[in-house]
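Below, chain A is the first sequence line, B the second, and so on; all start at residue 1.
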Amino acid sequence: MKIVSYNVNGIKARLPRLLEYLTEQQPDIVCLQELKSSDETFPEADIRAAGYGAVWHGQKGFNGVAVLARGADPVERQRGLDGEVEDDHSRYLECDVDGLVVASIYLPNGNPQPGPKFDYKLRWMERLAQRARALLAAEVPAVLAGDYNVIPNDDDVYSVQAMADDALMQPGSRAAYRALVAQGWTDALRIRHPQGRVWTFWDYQAGAWQRDAGFRIDHLLLSPAVADRLVEAGVDRDYRGREKASDHAPTWAQIR
DNA sequence: ATGTCAAGAAGATCTTGA
């Protein structure tokens, strides 16, 4: 079973790329981020025609997450995180699918830092940690897949110096991510590729793709029971180099 | 030093948020 996290950076602009990916790779479960689409304009018919059921949590203009399943309809468990009633960003969607609990996560970017956006990022990470703790306590097989907007370690970025002041690799962001993983989650990419330098994102600017100047910010965190079933994990880099590509590549884990 | 993209609101470009 192939489970994918894919920040599409606009599902309308990326629909040809997404449908092509579904057809070519036939992933079983796909967590999408940055739909940049309202609930009403989500291209449900096109995705269903490609053989996928979907649940989505849209927002006009930015954010937005979805869970897709091949030949099945994901069943929604929760949209949004508890703990901040005034938070109206569409960044968390949790579903039951194929016997797994699967969450699609679009963690706040947090730039510029310091500032209110970075404070929001850290608060959101604490709220995510509470939800993740509850999932582990319930002992459900779970996958938390998404764009975490966190570069976990120095070997997860092409240049520590270039990104030193970025919200994605501040000590606070890293500590929160480390604490989340330490609850008992397995970072699928890192466990399968311990040597690092596995990029999931390349900026559109400054020829980052051509220079392979990327970083690793899309992560699949596996609960213990799912981690026991992990076969392989990787990045479908090829899709980053195609016409009208997202700045993220599909990132995946293969589960027995 | 920095070479981009998508969407929305306005209005034939600018702002926001990556």
Open item on the list: Between B:dA12 and B:dG8, how far apart are the two C1' atoms, rounded to whole Å?
Closed with: 15 Å
Task: P atoms of B:dA10 and B:dT4, separation to the nearest Å - done: 27 Å
Open item on the list: In this structure, how many angstroms lie between the P atom of B:dC5 and the CZ atom of A:Phe201, rounded?
Closed with: 12 Å
- [ ] Return the set of residues passing side chain to side chain donor-acceptor pair (under 3.5 Å) with A:Asp247 (not counting sequence neighbours), or none when no residue passes.
- [x] none
Open item on the list: Any base atoms under 4.0 Å from A:Ala206, or only sugar-phosphate, or nothing? Heavy atoms, all strands.
Closed with: base
- [ ] Return the set of residues passing side chain to side chain donor-acceptor pair (under 3.5 Å) with A:Arg77 (not counting sequence neighbours), or none when no residue passes.
- [x] A:Glu94, A:Asp96
Open item on the list: How many whole angstroms separate atom CG of A:Asp203 from atom C1' of B:dC5?
Closed with: 10 Å
Open item on the list: Protein within reach of the bases, or only the backbone? For nucleotides 8-18 of chain B, mark each nucleotide 5' to 3' as B, S or -, using heavy atoms under 4.0 Å.
Closed with: SS-------BS
- [ ] Please name all residues satisfying salt bridge (Lys or Arg N to Asp or Glu O under 4.0 Å) with A:Glu232, sequence neighbours left out, ordered by chain then number.
- [x] A:Arg192
TODO: Report the stems of DNA chain B as range-with-range entries sorted by first number; a stem here is at least three consecutive pairs, Watson-Crick or G-U wobble, both distances under 3.5 Å, and write none if there are none.
DONE: B:4-9 with B:13-18
Task: Atom pair distance, as rounded to whole Å: CD in A:Glu243 and P in B:dA6 - done: 11 Å
Open item on the list: Check this for me: does any side-chain nitrogen of one of A:Asp155 and A:Arg216 sit under 4.0 Å from a carboxylate oxygen of the other?
Closed with: no
Task: C1' gap between B:dG11 and B:dT15, integer Å - done: 14 Å
Open item on the list: Can you confirm whether A:Lys12 sits close enough to A:Thr41 that some side-chain heavy atom of one is under 4.5 Å from a side-chain heavy atom of the other?
Closed with: no
Atom pairs and distances, side-chain donor-acceptor, residues 45-57 of chain A, under 3.5 Å, sequence neighbours left out:
| unit_1 | atom_1 | unit_2 | atom_2 | d |
| --- | --- | --- | --- | --- |
| A:Arg48 | NH2 | A:Asp73 | OD1 | 3.0 |
| A:Tyr52 | OH | A:Pro27 | O | 2.6 |
| A:Trp56 | NE1 | A:Asp39 | O | 3.1 |

Task: Residue whose closest nucleotide on DNA chain B lies nearer the 5' end, A:Gly207 versus A:Lys244 - done: A:Gly207
Open item on the list: Under the rule for side chain to side chain donor-acceptor pair (under 3.5 Å), what residues qualify as partners of A:Glu76, not counting sequence neighbours?
Closed with: A:Arg79
Task: Sequence-distant partners of A:Arg127, salt bridge (Lys or Arg N to Asp or Glu O under 4.0 Å), two or more places apart - done: A:Glu84, A:Asp87
Open item on the list: Between P on B:dT2 and CG on A:Asp166, what's the gap in Å once rounded to a whole number?
Closed with: 16 Å
Open item on the list: Without decimals, in angstroms, what is the distance between A:Leu15 CG and B:dA6 P?
Closed with: 13 Å
Task: Residues in side-chain contact (heavy atoms from CB on, under 4.5 Å) contact with A:Gln205, at least two apart in sequence or another chain - done: A:Asp203
Task: For atom CE of A:Met163 and atom P of B:dT2, their distance in whole Å - done: 16 Å
